[in-house]
Each structure stands twice: as structure tokens, then as C-alpha cells.
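Report on the structure given below.
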Amino acid sequence: MSAAKHYLTDPTHAVLSSLHSLTLTNPSLLLDAPNKIIYRNPSSLSQPHNVSVVCGGGSGHEPGFAGFVGDGLLTACVAGTIFASPGAEQVRACLQHRLPPESKGVLVIATNYTGDVLNFGMGVEKARALGKKVEMVVVGDDVGVGLAKGGKVGRRGLSGTALVVKICGALAERGVALEDCAKVGRLVVNNLVSLGASLGRVHVPGHGIEEASEEEERLGPGLVEIGMGIHNEPGCEKVKTDLPGLVKTMLGQMLNQSDKDRAYVRIGKTDETILLINNFGGVSNLELGAITAEVTSQLEQNYGLKPRRIISGTLFGSLDGAGFIASILRLTDTGLGTGKSLLDLIDAPVNAIGWPRCVTGDTWEKTYKPAPEKTEEEEDETKPSNLKLDPTKLRKTLEPALNKLIAAEAEVTKYDSIVGDGDCGLGLKRGAEAVLKVLPSISSQDAMMTFAKIVPTIEQNMDGTSGALYAIFLNSLASSMRSQDSSSPTPVTTEMWAKALAMSIEGLGRYTPAQVGDRTLIDALAPFVDVLKKTGNAKKAAEAAKVGADKTKGMKASLGRSVYVGGTGFEEVPDPGAYGLSIFLSGIGDAL
């Protein structure tokens, strides 16, 4: 199909080239290519002490959010690969090294996707640990996934995120305090509804061209999919209709207060609103104009709503998707006084490529200082401890367990291809292989030095949701273990491991609501920790982990991508993450 043809076949090159282009079309920007960070040149900041605003996520949604870096919007953006969240290390590098040190705080805005929340969350916690003042706002504005199906996951983040960024960026530009910026950001999220629709799938550069029959399996001729996500996630229904009929259905889901599954925000005739019509990327400007006119007309005729502002364009795209998203923001009092209403903040001037206006001539004419020399310093050395861990025994325990996990990659991948996106097995294998390589270099008996070798290895080699979960858990495990340090040399005991593991599960709970029964790796991890704490027997604990993983067969997912994938495969296979972890833990039990 012609829609699947691309000028670039290397997705990595496409992302880096696109980011580099921003520094060409807006000379006040700089690029940290290794970390895929677009940030403002320090010499372009007239008020460097103001709150810094940072956003980001997977690439493929251009101009969001790298195109929003500039006056009145973002201070920096952290980009991932196409449709994949950036890693926590990228976020940490941004928060620690790419923002003005004089800033009186940092507001991080992330869309409500598991990988984004976990990776940005871990970056935020690392920044806080270094003494930085950071707040995080998570945006969920989609009504395509109803309350019942969304469950613990909540609403997905769609184009309403652009409005949150615009408003928070304007507040920061006015010198408003971090706490108030975050408060208003959350206020905006709570008054936003969005819904998308598309005529076809999005095509990723470098992926094979689908046959027409494969495309039609998802969406047949003449059908439009309502609620399709920005990463090709299935929508809530497929209909055959014209534009007026489509818009009528969409506005009904967004505004009908009798639909209790989707009445996220109460918007009535007396409310003032802002309307955003966002192009996925593949809708022509001609058709987008017609869509904007139809939505505006029906809002007034059927709901008595005449938006105070109408914004139309590509702000939060989805590559070449032949779809659009309608977002409605109910204007409410910010409580910040004159000049800081939501309407004032939307109207505030900006100087960024991605917002629908041109960069001013003054920006082009201004002379900028050369890019500053690299300022990143080596990470602070790990503080020694008196907790002793025999490196030889560690290798004899971990090596067979890691090899067992590597050998199970095909099986884990098979399970994940049925209920997820098929990357869990490869992610676990990459992490295991990387740790195997680093084990021979561990010679210190200091347990904290061992963590300092293994944890960064996991962070750098495991991406996606699983990588973020393991990285957060291991960082918390290191912290929990250090809390048991003493003034004299102390061998690490099974009881100490059990206590630290239990504390780490609690730490993980700050970033994911996953509990036993949600069909996640927690179904294997929690029983392991519980039995280890009660018995001190790793073999019995590993057996409990296997039982927990087996119980996920037939268990309906409450979290992760499986929630959106749906289908019936979950009835026959265990959760891939729980199964992979149980394999590793069984190797630990056997070795001990």
C-alpha cells in the first residue's frame, strides 16, 4: 500500500534527524543527541530562575513534544524511539544537566502510558534524591477507554496534553511557583475530554508494507475506528458513517452525561470551553478544516457550546495516521488572580515551532553564544557500606539463573506475542546477557558496590515497561538494603534480603498500582518475597513464585498493554513478565 511507503527506512536515523532539524529551524535550541534531548540554549533564557517545564515520550507524535521547546512552552523535551518511552537515564540526564541551575523547580509532564509514567517517575525520584525540587503531572484525557475497561490504568494521554503544556508553560513564563504550576496542570487534566477516530492504521518507517488484506482485517473498507489510540491501539467501535454521523457519535461519547462509563467531565451549556482539533498527521489540511467546521457546528447546535478559542492543526501526531482527535477543555478558575486565567494562559505568546504560529524574526536575528562545553560530570561514587556479599557466591547463584532466563526467551516472547506486544522475552534476555557480562568484573565484597554495577546495567539494557519496573525495583532494593547497614562489617543474610525485598515492593507501589491478581510480574514477585520472609528458604520461595505465575493463566489483565490489546489469549498462557521472573527465581532457588 502506498501509505506504508517512507523516505527513511531506519527508524533510529529518522528520530535523530528529526530532532536535529529543530536546531536548524529554531537556532535557540540545542540537541543532546545521545540522550535525545531538545533543550533551550542557556543564553536564550531571559528568566532562567523561572520554573523549568519538561515533557516527552515516544517519537512519532511530532510536533509534540520536541517542537514545543521554546519561550512560553517547554524548557526541554526528552524523546524515546518511535512509540516507546524514553529511558529513565535519559530523563535523569535532562533534569540534572539540561536545565538552568538557577531554576526554582521543575515541572515534568507525562502522558498516561505505563512506560512514560514509570520512566519519567524514576527520573523524577532520582532528581529529588539529588535535592532538586520536582513535581510531575500525568495527563489522561481519552474517553475512548471507558471507566470500566480503563480500571486502574486510567485514561490514556491524547492531544489534550498539548493544552496542559501550553498552560503550564505560560505559568512558568510568568514566574509562578512550582506548586501552583503543578496544581493548575492537574486542574486542566481534570477538565479535559478527548476522543480520536481514524480511517486506517499508522505505518512505522522501517516496518514491512502490509498487504491490503491484513489492513482490512483490522479495519475494512468504508469503516472508521472510533477511539483508536495514538500507537495503533484498537478503538472502542468501528462504524460506517459520514463525517456528520461520526462527529455526532464522538461528541456524544465526550459530552453525554447519561453515559456513566465515559462522563469523565461535566460540561454544560453555561460552561466556556476551548476546542482543539488535532491531526494524526495523515489528514489533509482541506479535510481537517472541514472536520473543524463540523465539530464546531454540532457543538453549538446540539450542546449550546460556542468555544472561546478554536485551535486546529497537528500538535500531537501519530506519524501518517489518517485520523484526528477532538479535545474539549472546560474553562474553570485557576485561583491565581488577574491575568492567569486558563484563557489568558492559552492566549499567552509563544516562540516555538510546534505551536500553530511562526517563530518571531527577533529569534532569528539574535546572536547566540556557542553551545556550552559538556557539563556532565561522572556520577558520584557509591558510598561504601559494611554490608558484605561474597562475589564468588554471587556469581555461582546468578549465572545459572540468568542462563535459565536467556534459554526461556522464545517461550516468553511467544506468550507476550499473544497477550502483549511481543518484546518482553527479548527485553529480559538483553538484561540477563548484560548482567552476565558484568558479573566477572565484580570483585568487591561491599554489597552496595555490587548494586552499583548491576543496577545501571539493567537500566541501560532493558527498555520499555519491564525495564522501568526492574530498574525502579532494583534501585529501591539497593536503598532498602543500605538502610540495614551497620557500623561494623556485616554479612548480608537471607533475612536482610527478605526485609529489603519487602520494602522494595512497597517502593514499587509508588509508581504502579499493580497487586497480586492484576496479571503482572507482581503475581510472581510478591509470593516469592512473602515466602522468603516467612521461611528464609529460597527454594520454597521460588516454588511460590512459579505457582503465582501459573495462576495468571486465565486472569484478565488490569494493567499494562494487555488491557488495550484484549482478545482471549490470556485464558491459555501465563503473564509473560510473571512467567519470566519465575524462571529466573527458580534458577536462584536451585543454585541456593
message = Test your reading of the model: is there a side-chain donor-acceptor pair from Asp142 to the backbone of Arg156, 3.5 Å cut-off?
response = no
note = When rounded to the nearest 0.5 Å, the distance separating CG of Leu426 from OG of Ser466 is 11.0 Å
key: Validation row: Ile325, Leu195 side chains within 4.5 angstrom (heavy atoms)   = no
message = One thing to verify: whether Arg92 and Glu89 come together as a salt bridge, which I'm taking to mean a side-chain N less than 4.0 angstrom from a carboxylate O.
response = yes
request  = Compare all side-chain heavy atoms of Val137 with those of Val108 and state whether any distance is below 4.5 angstrom.
outcome  = no
request  = Report yes if some heavy atom in the side chain of Val573 is under 4.5 Å from a heavy atom in the side chain of Tyr579; otherwise report no.
outcome  = no
key: Flag, side chain of Ser18 to backbone of Val15, donor-acceptor distance under 3.5 Å   = no
ask   = Can you tell me if Asp575 and Thr552 form a side-chain donor-acceptor pair at under 3.5 Å?
value = no
query = Would you say Arg395's side chain and Ile442's backbone share a donor-acceptor pair under 3.5 angstrom?
reply = yes
inquiry  = Looking at Val412, is its backbone amide N or carbonyl O close enough to the side chain of Asp416 to form a donor-acceptor pair, meaning the two atoms are under 3.5 Å apart?
reply    = no
key: Over 12 foreign heavy atoms within 6.0 Å of NZ, Lys388   = yes
note = Minimal heavy-atom distance between Lys383 and Met449, with the atoms involved, is C-CE, 4.5 Å
request  = List the atom of Gly157, the atom of Phe316, and the distance in Å for their closest heavy-atom pair.
outcome  = O-CE2, 3.9 Å
inquiry  = For a quick test of reading the model, state the closest non-hydrogen atom pair linking Val204 to Phe83 and the distance between them.
reply    = CG2-CE1, 4.3 Å
ask   = Do NZ/NE/NH1/NH2 and the carboxylate oxygens of Lys546 and Asp550 come within less than 4.0 Å?
value = yes
ask   = What closest approach, in Å, do Ala500 and Ser480 show between heavy atoms, and which atom pair accounts for it?
value = O-CB, 3.6 Å
query = Counting N and O atoms only, with roles assigned by atom type, does the side chain of Asn35 sit under 3.5 Å from a partner on the main chain of Ile37, one being a donor and the other an acceptor?
reply = no
message = Counting the benzene-type ring for Trp, do His61 and His231 have ring centres under 6.0 Å apart?
response = yes
Side-chain donor or acceptor of Ser476 paired with backbone N/O of Gly507 under 3.5 Å = no
ask   = Which heavy-atom pair separates Val516 from Ala526 by the least distance, and what is that distance?
value = CG2-CB, 3.5 Å
key: For the student: nearest non-hydrogen atoms of Val54 and Val106, plus distance   = CG2-CG1, 4.0 Å
ask   = What distance do Thr23 atom OG1 and Ile38 atom CD1 have between them, rounded to the nearest 0.5 Å?
value = 6.0 Å
message = Quick one about Asp485 and Ser385 (side-chain donor to acceptor, distance below 3.5 Å, no hydrogens or angles considered), yes or no?
response = no
ask   = Should Lys404 and Asp590 count as an ion pair when the cut-off is N to O under 4.0 Å?
value = yes
ask   = Ion pair present between Lys126 and Glu459, side-chain N to carboxylate O less than 4.0 angstrom?
value = yes
key: Sub-4.5 Å side-chain heavy-atom contact between Thr512 and Thr114   = no
Atom pair CD1/CG of Ile588 and Leu402 - distance to nearest 0.5 Å = 7.0 Å
query = Taking C-beta and beyond as the side chain, do Gln484 and Lys499 meet within less than 4.5 Å on heavy atoms?
reply = yes
key: Side chain to side chain, Ile406 and Leu428, heavy atoms closer than 4.5 Å   = no
key: N-O pairing of Lys534 and Asp530 below 4.0 Å   = yes
message = Does any part of the side chain of Phe65, heavy atoms only, come nearer than 4.5 Å to the side chain of Ile109, both counted from C-beta?
response = no
ask   = Do Asn461 and Val435 have side-chain heavy atoms sitting under 4.5 Å apart?
value = no
message = Quick one, Asp423 with Thr413, criterion side-chain contact (heavy atoms from CB on, under 4.5 Å). Give me CA distance, side-chain angles, the key distance, then yes/no.
response = CA-CA 6 Å; Asp423 66 347; Thr413 297; over 6 Å; no
Polar side-chain atom of Glu62 near backbone of Ser59 as donor-acceptor pair, under 3.5 Å = no
key: N-O pairing of Asp32 and Arg98 below 4.0 Å   = yes
message = Under a plain distance cut-off of 3.5 Å, with no hydrogens placed, do Thr111 and Asp116 share a side-chain donor-acceptor pair?
response = yes
